[in-house]
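Lettering of chains follows the sequences in order, A, B, ..., and the numbering in each one begins at 1. Treat the numbers as computed from the prediction; the structure is a model and nothing was measured. What you see below is based on every heavy atom in this structure, not just the backbone, and it leaves out hydrogens, waters and symmetry mates.
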Amino acid sequence: MTGLDPKKVYGYKDIPPGAISWAPGSAYKTGPWRTSRPIYDANLCINCGFCWSYCPDNAVIWTPEKRKDGKDKTPVIEIDWDACKGCGVCAEECPKQAYTMEREPE
Amino acid sequence: MVVKQKTMGLNGDEAVAYAAKQALVDVVSAYPITPQTIIVEKFSEFVHDGETQTEFVPVESEHSAMSCVCGAAAAGARTFTASAANGLQLMDEICYIAAGNRLPIVMAIASRAPAAPINIHCDHNDSMNLRDSGWIQLFTENPQEAYDTTLQAFKIAEHLDIQLPIMVMLDGFVVSHSLANVNMLSDKDASEFVGEREIPLVLNHHGKMVPQKLDPANPITMGPLVLTDYYLEVKKQQMVAMENALKIISEVNEEYSKLSGRKYGNGLLEIDNIEDAEVIIVCMASTAGTARVVMKELREEGKKVGLVRVRSFRPFPHSEIRKTLENVPVIGVMDRGISFGSHGQLFTEIRSTMYESDKKPILIDYVYGLGGRDTPPTTIREIYEGLLKIKETGKPGSVFNIQGVRE
């Protein structure tokens, strides 16, 4: 449930005073800002969650319980492409270089 | 019915401190600066002596003082601070934020000239610097009015149709440090008049109407990034609130007069001897007191002179000013501030307003008293006599004058 519809255009009489946020931050898609995208390699991933904790947009969806033990290579990361703006923090912070940044097509 | 009151010998600063205490303010944060210091000093005594439950937050700068009261006001508290001159200028950034976030903070300003050269005396350029920041600005004439207006200020700022911060100006030293008889309401009458701070309801991001305050039970986001798509609409809302303030300032002035027996014109303007006046002076703050004495002397000499004191500079009462001034042939505007490269701020405002009138009075600007240069009755008399001469000859001479400046 959201306040006002972020897709509509409102006048000064409709919006709350003092610019109190009338829609949640998730109502605004930052995905289209992306010029490059992180590609995740489950074989290198050690399930540490650094990417999840550093992502400024909560775009990393981390499900650590998907792996049974330390040897399990099941993918534990999904990316919310509506939110990921391609900043590359996940790739920068990953201790095992499990992410590579790939240019989006022009 | 006018209530029983107690007369105390107070200077303007002390009078303001008593009013803030009686308004049962929740949070005070301030940093000392002459000539405002006594306000906060007196208030900290009240806190120390247990006379008030107020949370008093001493800070390391005015920037922090304003930030602190912003945070407290955002959490729903009634807040108060005070400053002047360079301190006020250090608050500048946060003053705009207070107004944009619609935080009804009350701030007393003991008007003082901004440096350089460094000076501690009366001048209105400090608050004029924040003319466009979105704060309501009321200029008071004497310690009694400083007390009365501080009480009124909480009611005005917190009114649900306004929700804007407000500055109450008292002239540095002339009012801030001058002892006068001040009639004070009882604590009970004062706090009942001001009432409790009412929090408006606002639409939050879940589509729910919640109190407009920071509350973990009903979270809202204040001060978000607003770019090209909505900034203009938010500014229009502030303009509407200022228009509402014109009406509310008058109403609060009226309501207060029924309680206290004291009234300041219609709350926006105070008008004396205007009906048959050939020349008048328009001014603000303590100078009006001196001008009133001179006006009476000149009236006794048979000169048709009048006086208009502007109490509310923001919002500026455009239509009231126009209706009041348009039948006066010659008007002298006294400005205790100067906009370098232009004129005095009050003059600019009045001349702009008078363009809407079909009549075209002669308007002359007299910048005076900068940096606390003394403004005795003789100075006012010179101005009145100059205006009478203009009326007689029809020759206005120089539109812009710096009264008493040595060549």
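More than 12 heavy atoms of other shown residues, nucleotides or ligands fall within 6.0 angstrom of atom CD in A:E104. Summarising the local packing, CE of B:M209 is surrounded by more than 12 heavy atoms from other residues, nucleotides or ligands at distances under 6.0 Å. No more than 12 heavy-atom neighbours from other residues, nucleotides or ligands sit within 6.0 angstrom of NZ on A:K96. Within 6.0 Å of CD in A:E65 there are more than 12 heavy atoms belonging to other residues, nucleotides or ligands. With a 6.0 Å radius and a threshold of 12 heavy atoms from other residues, nucleotides or ligands, A:W62 has its CH2 atom above the threshold.
Judged by distance alone, the side chain of B:Q237 and the main-chain N or O of A:A19 form no donor-acceptor pair under 3.5 Å.
When all heavy atoms are compared, the tightest approach of B:Y230 to A:Y10 is OH-N, 2.8 Å.
A side-chain contact (heavy atoms from CB on, under 4.5 Å) with A:P17 is found for exactly one of B:Q212, B:Q238, B:Q163, namely B:Q212. In summary, of the residues considered (B:V240, B:V234, B:L232), a side-chain contact (heavy atoms from CB on, under 4.5 Å) with A:Y12 occurs for B:V240 alone.
Separating the CZ atom in B:R102 from the CD1 atom in A:I20 is a distance of 10.0 Å, to the nearest 0.5 Å.
Contact check for A:D14 versus B:E233: no side-chain heavy atoms found under the 4.5 Å cut-off.
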